[in-house]
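Beneath this line is the structure, given in structure tokens, with notes to follow.
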Protein chains: 2
Amino acid sequence: METKYNMVKKAIKSKIIDGTFTPHQKISSESELMKQFDVSRHTVRLAIGDLVTTGWLYREQGSGTFCADRSALDTKQNVSNQKNIAIITTYISDYIFPSIIRGAESRLSENGYQVSIFSTNNDHENEKRILEKILSQQFDGIIIEPTKSAYSNPNIGYYLNLERQSIPYIMINAYYDELEPISVVMDEEKGGFMQAEHLIKLGHKEIIGCFKTDDMQGTKRMKGFLKAHRHYKIPLNPKNIITYNTLEKWSKPIQELEKLLTTNNPDKATGLVCYNDELAIKLLDVLRLNNIRVPEDLSIIGYDDSTLSEVSEVKLTSIIHPKSQMGRDAANTIIDLISAKISTKNKDSSQVQSIVYSPDIVIRSSTKDLNPETITS
Amino acid sequence: METKYNMVKKAIKSKIIDGTFTPHQKISSESELMKQFDVSRHTVRLAIGDLVTTGWLYREQGSGTFCADRSALDTKQNVSNQKNIAIITTYISDYIFPSIIRGAESRLSENGYQVSIFSTNNDHENEKRILEKILSQQFDGIIIEPTKSAYSNPNIGYYLNLERQSIPYIMINAYYDELEPISVVMDEEKGGFMQAEHLIKLGHKEIIGCFKTDDMQGTKRMKGFLKAHRHYKIPLNPKNIITYNTLEKWSKPIQELEKLLTTNNPDKATGLVCYNDELAIKLLDVLRLNNIRVPEDLSIIGYDDSTLSEVSEVKLTSIIHPKSQMGRDAANTIIDLISAKISTKNKDSSQVQSIVYSPDIVIRSSTKDLNPETITS
DNA sequence: CAGTTCATCTTGTACGTACATTTATTATAA
DNA sequence: TTATAATAAATGTACGTACAAGATGAACTG
């Protein structure tokens, strides 16, 4: 124990124990210590290195070496030194969710996080079960895609508990309005507006809108749909709005659309705005069976710009959804939140902000220009 | 992470994890490591020092540096009573993989397991990185979808180390032949046979086969394709076989098919067997652009019975893939293996066996009967 | 006054040297 | 053959240098 670096070590350690150095206080720099103890920098670094690995000090490049807060260390949890993130999603396999998950997973694993995935199957009971499980373990952060975001959430208590335990979480695709969480979402209302606007500008007057209304996306897209009609002063026939929920997604929209299109009324619709591409593709089938040509007889516009929009014989005009970019941004945001939490001196984590994507439209061949003066390509 | 001492650290750690260094075995001396990595002793000591403090190595002055025995350390860790399963897949978001993952996730979470997901993006380097991560933690079992299963695997050492540490693992969709692991797979050869057989029985004589050959599925499906031709004594034109790998999947098959179909040869193909639905849908596009009608001019058959097979205007005849059932069965199998391991008295875990699904065909409207005597529906 | 640049201080990485201490092997002597 | 001593080899301590990279505050600029 009579080595030089051990003497330095013991000297610093005593000053911590007797309270000369208080937690988060900066200790002398390496060059100062060199002079104080008349040793080389190598020896100082050896001593400090040992004290860092045993949890007495921590170093910050550029700033200095600081006394650690050993009371916080007593939580003793993070033995494994393993960084964990949970992703809670409604569905794992359906539609665009895999792309979102993939984007998040790639970015998180790049940053050394391990990703655990849970799916609620859009059921609040499952969501509750998952949140209980997550709260009983130690996760560093959580990315949540809300379940039935249009309805009020019965599991608010669990989310508040996350905040109490200061576990960072963010919401993607939608959010529970009551919580006002940090979120990564699209401007869905504008997206819905753009869907309708596109058809209106092409000269369509009678437009059917078909929206899922048990999540936030659907209700906001519908809101945008209505707004566009008001904005362009197009009267909107209430009959032209079809709403459905998750359970009805393979039945009600199809039936309602067939009803609308087979009755012989004078002002038959020429446009169809769909909640998403999945629905649009399904309705394309219905139209084909009813000998309605797209886009000659009916223009149809989807949402999400999913892979589905390019597999059919009629390529869908659609609203672009960031998908994997959204996943990556969600990952970045949660990583920022976690590091903001760790750097305790900077309590101001309000730097981390929500992201809202402005939608964009991709025009393919499913929408037809009705304006006589315009030259269609 | 690209610092020299980190590279040395990772290299040594890899050799511990993949079993090159066994517990209490002496590793290379510092001077040897200096030569091996062409770095200074200081750097070597930095790397080794880190590995010592994190418990991977221990040093004995005068004798050398030795691999630590982590098994003693592992036992005390499992206090958390948390059951963990890792799923390693090639892709998270593409095609049928989400369905498989979902099936496995639902069954595993029902049984109280937490699921961590890793994706290799079909790259052996990533697979290595993931296996290292998994081996340095404690997982109760692993479900693996092999990366480039048609090629020999450079990470065999890691899999053998899994066995040495008696961590149960199974493979789905394909398997590394060298390992002869417990697996949950389709009878891909029979599937390929049935694809060709279906067209042959419909009277097709000239059939193009298009197969991906960097995974086991593709090579076996092609084998079945050839077998069917031999069995039904249909001569097979070598020109009619198109092979490609993952990187070429959006280019080569399209070009080769166009070449085959645009040249005016007397025995033009009337049938097209596709590696999977994803390819079939893509090729449907190519055919449409070349004014080739399906199934009137060309019958086409896919594989996997994915959602894609029903979205296009021509509904695809396809081979049924169990997808989420495969995921569920994989989950059940790994659960069985874990409980068989726990019940130590019954060392005979040979009760748990591989599952092979016999393929089935679903006939839709993309294949046409050429037999004059048969009445087509 | 706000924003930017730059010098300076801090820790991080990497190279070199020298000698000390401990252990294992080999050679030597009883 | 056995005990001892010399030797070699391994890690441990300690010195030095140089430059990289991050953080900070002062000087500068628009």
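Just so it is clear, the structure is predicted and the values come from calculations on it, not from any experiment. Chain letters run A, B, ... following the sequence lines, proteins first and then strands; every chain starts at 1.
The side chain of Thr65(A) contributes an N or O atom lying less than 4.0 Å from OP1 or OP2 of dT11(C). Residue Ser40(B) has a polar side-chain atom (N or O) positioned under 4.0 Å from OP1 or OP2 of dC15(C). Within the structure, a side-chain polar atom (N or O) of Thr43(A) is placed less than 4.0 Å from OP1 or OP2 of dC15(D). For Ser31(B) and dA10(D), the shortest distance from a side-chain N or O to OP1 or OP2 is below 4.0 Å. Remark: Arg45(A) is in phosphate contact with dG12(C), judged by side-chain N or O atoms under 4.0 Å from OP1 or OP2. Contact check, Ser29(A) against dT10(C): a side-chain N or O comes under 4.0 Å of OP1 or OP2. Side-chain nitrogen and oxygen atoms of Thr3(A) include none within less than 4.0 Å of the OP1 or OP2 phosphate oxygen of dG12(D).
Using modelled atom types, one side-chain atom of Thr53(B) and one backbone atom of Asp50(B) make a donor-acceptor pair closer than 3.5 Å.
The distance between the ring centers of His231(A) and Phe193(A) falls below 6.0 angstrom.
Along DNA chain D, the nucleotide closest to Ser63(B) and the one closest to His42(B) are compared, and the more 5′ of them pairs with Ser63(B). Between Ile27(B) and Lys4(A), it is Ile27(B) whose nearest contact on DNA chain D lies nearer the 5' terminus. Where Met34(B) and Glu32(A) each meet DNA chain C at their nearest nucleotide, the meeting point lying more 5' is that of Glu32(A).
For Tyr5(B), taking side-chain heavy atoms from C-beta onward, the closest of the listed nucleotides dT11(C), dT13(C), dA14(D) is dT13(C). When each of dG16(D), dG12(C), dT11(D) is scored by its nearest atom to the side-chain atoms of Glu30(B), the top-ranked nucleotide is dT11(D). Side-chain atoms of Arg59(B) lie closest to dT11(D) of the nucleotides dC15(D), dC15(C), dT11(D).
One interatomic measurement links the two molecules: CG of Leu33(B) to P of dA9(D), which rounds to 16 Å at whole-angstrom precision. A straight line from OH of Tyr58(A) to P of dA23(D) spans 13 Å, rounded to a whole angstrom. The CZ-C1' distance, from Phe37(B) to dA14(C), rounds to 16 Å in whole Å. One can place CG of Asp50(A) at 12 Å from C1' of dT13(D), the figure rounded to the nearest angstrom. For the pair Lys35(A) NZ and dC9(C) P, the interatomic distance rounds to 10 Å; values are reported in whole Å. Rounded to an integer number of Å, the gap from CZ of Phe66(B) to P of dA10(D) is 11 Å. Taking atom CG on Leu57(A) and atom P on dG12(C), their separation rounds to 11 Å, with Å as the unit.
Within 3.5 Å, a donor on the side chain of Gln61(A) pairs with an acceptor on the base of dA21(D), or the reverse. Arg41(B) contributes a side-chain N or O that forms a donor-acceptor pair with the base of dG12(D) under 3.5 Å.
Classification of the Tyr169(B)-Tyr159(B) ring pair by plane angle, with boundaries at 30° and 60°, yields tilted.
Within the cation-pi definition used here (under 6.0 Å to the ring centroid, within 45° of the axis), Lys83(B) qualifies as a partner of Tyr113(B).
Ile88(B) has its side chain out of reach of Glu145(B): every pair of non-hydrogen atoms, C-beta onward, lies at least 4.5 Å apart.
Between Glu189(A) and Lys227(A), at least one side-chain N (NZ, or NE/NH1/NH2) sits under 4.0 Å from a carboxylate O, which counts as a salt bridge.
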